[in-house]
Amino acid sequence: MSVRKIGSLQEIVARASAARAEGRTVALANGVFDLLHVGHVRYLQEAKEMADLLVVAVNSDASTRVNKGPGRPVIPELERAEMVAALGCVDWVLVFDAPDVRAVLRALQPDVHVKGTDYTAGSVPERDVVQAYGGRVAIAGDPKNHSSSELLKRLQGSS
């Protein structure tokens with residue numbers, strides 16, 4: 001069951017440390033993942049190709065409201081985390097409550113921090129944190145042709 005893949009930051013840091021002791025690499029991807037769509041899947045599949053293990057940090061309901069506004073998320077955080085955890089390319093999932101993943105990056109120190117194609121390597125807001133501990137930033141996924149926000153607008157227009 002995918003729920004076993006979901007843990008606290010402390011649990012996942014411990015798992016990642018054990019994996020690194022075995023010579024394995026760790027990637028971190030993050031996002032809201034509200035209304036999971038093919039763009040999310042492609043992003044996470046490509047992120048997984050960059051390391052042995054993929055950790056996905058899912059924004060909490062509170063941080064999603066800060067980033068996306070009132071009415072979001074549509075799907076509660078634990079359900080979003082469970083859907084992400086169910087993907088075969090995802091090894092571990094955590095829910096985080098901050099507006100960005102800086103604290104997760106500092107604690108986990110993934111070998112690679114992977115962002116979607118709505119960013120460039122130079123525009124990743126947390127790149128300074130990643131560079132400070134010696135990690136790298138990478139961009140993954142298909143062009144930004146899919147969006148939960150756009151999907152919501154389409155759905156609201158059809159009611």
All side chain to side chain contact (heavy atoms under 4.5 Å, CB included) counterparts of [X], not counting sequence neighbours:
X: S17; value: V13
X: E11; value: S8
X: E126; value: D100, V101, R102, L105, H113, K115, V124
X: S60; value: A62, S63, E77, V95, D97

- Query: Got R136 and M50 here, is their nearest side-chain heavy-atom distance under 4.5 Å?
  - Reply: yes
- Message: In the structure I gave you, are the side-chain heavy atoms of R65 and D61 within less than 4.5 Å of one another anywhere?
- Response: yes
Backbone N or O of [Y] within a donor-acceptor pair of the [X] side chain at under 3.5 Å?
X: R106; Y: V129; answer: no
X: Y133; Y: P110; answer: yes
X: R80; Y: I75; answer: yes
X: Y119; Y: A138; answer: no
X: N59; Y: T64; answer: no

[X] versus [Y], closest heavy-atom pair with distance:
X: A16; Y: V26; value: CB-CG2, 4.1 Å
X: D91; Y: K5; value: O-CG, 3.4 Å
X: L9; Y: A107; value: CD2-CB, 3.8 Å
X: L44; Y: A29; value: CD2-CB, 3.8 Å
X: I6; Y: A85; value: CG1-CB, 4.0 Å

- Starting from the C-alpha separation in whole Å, work towards a yes-or-no answer on side-chain contact (heavy atoms from CB on, under 4.5 Å) for V114 and Y43. CA-CA 9 Å; V114 187; Y43 161 53; 4.0 Å; yes
Do the side chains of [X] and [Y] join up, straight or via other hydrophobic residues, at under 4.5 Å, putting them in one cluster?
X: F96; Y: I12; value: yes
X: V112; Y: L28; value: no
X: L54; Y: V93; value: yes
X: L94; Y: V90; value: no
X: V104; Y: F33; value: no

- Item | Which residues share a side chain to side chain donor-acceptor pair (under 3.5 Å) with N67, sequence neighbours left out |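 Listed in chain order: nothing, the list is empty.
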- Passing candidate, side-chain contact (heavy atoms from CB on, under 4.5 Å) with W92, options L108, V55, V56: V55
[atom1] of [X] to [atom2] of [Y]: how many Å apart, nearest 0.5 Å?
X: R20; Y: L53; atom1: CZ; atom2: CG; value: 9.0 Å
X: C89; Y: E49; atom1: SG; atom2: CD; value: 9.0 Å
X: H40; Y: M83; atom1: NE2; atom2: CE; value: 9.5 Å

- Item | Listed partners of D52 passing salt bridge (charged side-chain N to carboxylate O under 4.0 Å, His left out), at least two apart | none
- Please assess Q45 against K48 for the test side-chain contact (heavy atoms from CB on, under 4.5 Å), listing each intermediate value before the final yes or no. CA-CA 5 Å; Q45 286 174 329; K48 172 65 174 188; 5.8 Å; no
